[in-house]
Amino acid sequence: MYFCHLTIGTLNMITRNKIKDLLADRNFGKQVTVMGWVRTFRNNRFVALSDGSCIQTIQVVLDYENLPDILLKRITTGACISANGTLVESVGKGQSVEINAENIDIIGDSDPEKFPLQPKKHSLEFLREIAHLRFRTNTFNAVFKIRHALAFAVHSFFNERGFVYMHTPIVTASDAEGAGEMFKVTTIDFDNIPRTDDGEVDFRDDFFGKAANLTVSGQLEAELGAMALGEVYTFGPTFRAENSNTTRHLAEFWMIEPEVAFADLEDNMNLAEALLKYVIKYALNNCPEELQFLKSRLLEEEKNKPLAERSELDLLEKLEFCLNNEFERLTYTEAIDILKASKPNQKKQFKYIIEGWGADLQSEHERFLVEKHFKKPVILTDYPKEIKSFYMRQNEDGKTVRAMDILFPGIGEIIGGSQREERLDYLTKRMEEMNIPQEELYWYIDLRKFGTAPHAGFGLGFERLVLFVTGMTNIRDVIPFPRFPKNAEF
RNA sequence: UCCUUCUUAGCUCAGUUGGUUAGAGCACAUGACUGUUAAUCAUGGGGUCCCUGGUUCGAGCCCAGGAGAAGGAGCCA
């Protein structure tokens, strides 16, 4: 039995029963109090009430003949009410328990002419426009509970393994990470921009005394932590000012970046695979009802699609499959060989035909490998150094680096990582070649001067993980308040 | 940023070859009914046809420009 105490206005310490508990309760005849939001009000008698504790509503039965009309009129879709009465076995068919209400109070009215949610299916696009109210729908209730469970599981996974949760900065002054366009952070008066003699913006009197940006990655700082604490991870917001308009990009998203000392690429892959399996298992164990709901929702949605476009596995089968199979590991070079020999490449069905080694893989190629060829998550390693970042450890062949990308069906790249270049001369030479300003990153280079060691890490896009586990298809639907080009509402 | 499609009532959508007063279902309001399950039945209100300009006797429909959305691509997580 759980009680929740809360304060509303001048009332103190109201005790309420959670609907989730009552639905499992068989102590018929006991007095209960529920508080929640009206989903539907049928027949002047039956209120379907939700309090967010679970997806199901509880049926509150009113003795409408003995209730004032003026009160009944205020029981409208979206209104917040409290009801107390007796928990009874339901005589109706759709539910096992219900509440025979003796008292009804309106906590918050909801104008039925204006309340946008109806007791029917809404499009995800419409709900996105009312993101402040979409939490009240079953779908988003399930999505955000799974999101919470996954976040909790991430911390739990790393904590169990002795990792230190490290808070890397949100504001950074280095524009050298090369992970994408950055948002500027400044207190400069835009109506009076200070200029240097050669016409550049003069940041010397700006808040930080130099140009500052929102972080695009905590990796470089996390490496500093790993090289002292051993194992660290970050889990925080990340910002990319790219003009990306896709179902898998956000301008503000959450990223998990572990960094491990004395680890090579093999250890890195093992850690990544273990993390993904751990958090998926956690969601399966802790959110069975939410996943079941989303599974049914997906099946319902796919009914409208042609057979060929429907997925072979339902949501739960997909997650189980992911847990029970080793991820396929292969090198970039092996992947190119497979792609070169593949049907769509031979028949020129790819938009970008693979001619030979060195080509950057397009998403159609990644999708072919994951969804058609191997039909399971794939880890690609040892990419050409030209298409990867300066900090990745160079292989002896002089051509490739110890990078890894984990590709998931329907999502594409969910993890990108590498063993880091720990050798000072290799690192600085590569920075030179790629025009990375060494002065700005002196602290990163210093790490290789004072007791350097092999280390590795990766970045996991949290929303992409939530996408995969919930089976949602647009990344804007798995974060409460999505930020993307032309949209920072709420 | 590029490609494709789209934008009509609160929501989902129809709207013929350019032709009179722009429709449906749901929602909402009023009434009836009252153990319903997105209750049912009857009646009713509700429109900047995304914006700007153009062609035309006449534009929701055709043309140009713009904005926004969805999907795909690039960038990436």
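What you are looking at is a predicted structure, and each value in this text was computed from that prediction instead of being measured. Residue numbering restarts at 1 for every chain, and letters A, B, ... go by the order of the sequence lines.
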* Asked: Do Glu242(A) side-chain and U1(B) base share a donor-acceptor contact under 3.5 Å?
  -> no

* Asked: A77(B) base stacked by Phe253(A)? Criteria: ring centres under 5.5 Å, plane angle under 30°.
  -> yes

* Asked: In terms of side-chain heavy atoms of Glu413(A), which of A77(B), A29(B), A38(B) is nearest?
  -> A77(B)

* **Gap in Å between the two C1' atoms, one belonging to U8(B) and one to U12(B), rounded** => 12 Å

* Asked: Reckon Lys73(A) has a side-chain N or O less than 4.0 Å from the OP1 or OP2 of U30(B)?
  -> yes

* To do: Consider the side chain of Thr246(A), meaning its heavy atoms from C-beta on, and name the nucleotide among A70(B), G74(B), C33(B) that approaches it most closely.
  => G74(B)

* Asked: Can Tyr278(A) and Ser156(A) be counted as having a side-chain donor-acceptor contact under 3.5 angstrom?
  -> yes

* Establish, with yes or no, whether the OP1 or OP2 oxygen of U36(B) is under 4.0 angstrom from a side-chain nitrogen or oxygen of Arg45(A). => no

* Structure fact -> Picking from U36(B), A70(B), A73(B), the nucleotide nearest the side-chain atoms of Glu125(A) would be A70(B)

* **Partner nucleotide, any strand, of U21(B) [Watson-Crick/G-U, under 3.5 Å]** => none

* To do: Classify the side-chain pair Thr86(A)/Glu102(A) by whether it contains a donor and acceptor separated by less than 3.5 Å.
  => yes

* Reckon Leu465(A) touches a base, only the sugar-phosphate, or nothing at all at heavy-atom distances under 4.0 Å? -> nothing

* Asked: Taking the P atom of each, how far is C13(B) from C50(B), in whole Å?
  -> 15 Å

* NA contact type, Thr40(A), heavy-atom cut-off 4.0 Å: base, sugar-phosphate, or nothing? -> sugar-phosphate

* To do: List the steps, then state whether side chain to side chain contact (heavy atoms under 4.5 Å, CB included) holds for Leu150(A) with Val466(A).
  => CA-CA 7 Å; Leu150(A) 289 169; Val466(A) 183; 3.9 Å; yes

* **Side chains of His155(A) and Tyr233(A) in contact at under 4.5 Å (non-hydrogen atoms)** => yes

* To do: Please tell me which of Arg248(A) and Pro485(A) maps to the more 5' nucleotide of RNA chain B, matching each residue to the nucleotide holding its nearest heavy atom.
  => Pro485(A)

* Structure fact -> pair_partner(A9(B)), Watson-Crick or wobble, both distances < 3.5 Å, evaluates to none

* Whole angstrom is fine here: how far is it from CZ in Phe126(A) over to C1' in G10(B)? => 7 Å

* Asked: From A73(B), C28(B), C76(B), pick the nucleotide closest to the side chain of Tyr352(A)?
  -> A73(B)

* Asked: With a 3.5 Å cut-off and no angle check, do the side chains of Tyr444(A) and Glu223(A) form a donor-acceptor pair?
  -> yes

* Residues Lys121(A) and Glu300(A) bridged, charged N to O under 4.0 Å -> no

* Asked: Which whole-number value in Å describes the distance from Arg136(A) CZ to A38(B) P?
  -> 20 Å

* To do: Go through A70(B), U12(B), A73(B) for me and flag the one nearest to the Ser123(A) side chain.
  => U12(B)

* To do: Figure out the CG/C1' separation between Asn243(A) and C3(B), and round it to whole Å.
  => 15 Å

* May I ask you to decide if the ring planes of Trp357(A) and Tyr332(A) are parallel, tilted or perpendicular, using 30° and 60° as cut-offs? => perpendicular

* Closer to the 5' end of RNA chain B via nearest nucleotide, is it Leu460(A) or Asn487(A)? -> Asn487(A)

* Interatomic distance, Asn138(A) CG vs A38(B) C1' [rounded to whole Å] -> 12 Å

* **N or O in side chain of Arg128(A) less than 4.0 angstrom from A70(B) OP1/OP2** => yes

* Asked: Where do Phe374(A) and Leu330(A) land on the side chain to side chain contact (heavy atoms under 4.5 Å, CB included) test, with the steps shown first?
  -> CA-CA 11 Å; Phe374(A) 292 113; Leu330(A) 71 162; 3.9 Å; yes

* Asked: NA contact type, Glu364(A), heavy-atom cut-off 4.0 Å: base, sugar-phosphate, or nothing?
  -> nothing

* With respect to the side chain of Lys486(A), which nucleotide from A69(B), A77(B), U1(B) is positioned closest? -> A69(B)

* Could you tell me whether Phe239(A) contacts a base, only the sugar-phosphate backbone, or nothing, with contacts defined as non-hydrogen atoms closer than 4.0 Å? => nothing

* Arg134(A) CZ to G10(B) C1', straight-line distance once rounded to whole Å -> 19 Å

* To do: With a 4.0 Å heavy-atom cut-off, tell me which residues in residues 56-66 of chain A come close to RNA chain B, sorted by residue number.
  => Gln59(A), Tyr64(A)

* Separation of the P atoms in U4(B) and U48(B), to the nearest angstrom -> 31 Å

* Asked: With rounding to whole Å, what would you report as the distance between C57(B) and U43(B) at their P atoms?
  -> 44 Å

* So what does Glu366(A) hit on the nucleic acid, given a heavy-atom distance under 4.0 Å: a base, only sugar-phosphate, or nothing? -> nothing

* Structure fact -> Mate of A29(B) across any strand shown (Watson-Crick or G-U wobble, both atom pairs under 3.5 Å) is U43(B)

* **Test salt bridge (charged side-chain N to carboxylate O under 4.0 Å, His left out) applied to Lys376(A) and Glu328(A), Glu273(A), Glu312(A), Glu371(A), the passing residue** => Glu328(A)

* Asked: Given that both distances must come in under 3.5 Å, which nucleotide forms a Watson-Crick or G-U wobble pair with A59(B)?
  -> none

* To do: Select one nucleotide: of A73(B), A29(B), G72(B), the one nearest the side-chain heavy atoms of Thr247(A).
  => G72(B)

* To do: Measure from the side chain of Asn43(A), starting at C-beta and using heavy atoms only, and say which of G35(B), A29(B), U12(B) lies closest.
  => G35(B)

* Heavy atoms under 4.0 Å, any strand shown: does Pro116(A) hit a base, just sugar-phosphate, or nothing? -> nothing

* Length of the line joining Lys121(A):NZ and G10(B):C1', which is rounded to integer Å -> 19 Å

* Asked: Between Phe368(A) and His373(A), how do the two ring planes meet: parallel, tilted or perpendicular, split at 30° and 60°?
  -> tilted

* Given C26(B), C76(B), A73(B), which nucleotide is nearest the side-chain atoms of Arg240(A)? -> C76(B)

* To do: Between G74(B), U37(B), A77(B), spot the one nearest the side chain of Met255(A), thanks.
  => A77(B)

* Starting at NE2 of His122(A) and ending at C1' of U12(B), how long is that distance when rounded to a whole Å? -> 10 Å

* Whole-Å distance between A27(B) P and Gln118(A) CD? -> 7 Å

* Structure fact -> Pairing partner of U4(B), by Watson-Crick or G-U wobble and under 3.5 Å for both distances, is A70(B)

* **Side-chain N or O of Arg42(A) closer than 4.0 Å to phosphate OP1/OP2 of A39(B)** => yes

* For Gly92(A), which contact category applies under a 4.0 Å heavy-atom criterion: base, sugar-phosphate, or nothing? -> base

* To do: Check every strand shown and say whether Asn474(A) touches a base, only sugar-phosphate, or nothing at a heavy-atom separation below 4.0 Å.
  => sugar-phosphate

* **Phe135(A): which of Phe140(A), Phe481(A), Phe490(A) passes ring-ring contact (aromatic ring centres under 6.0 Å, His included)** => Phe481(A)

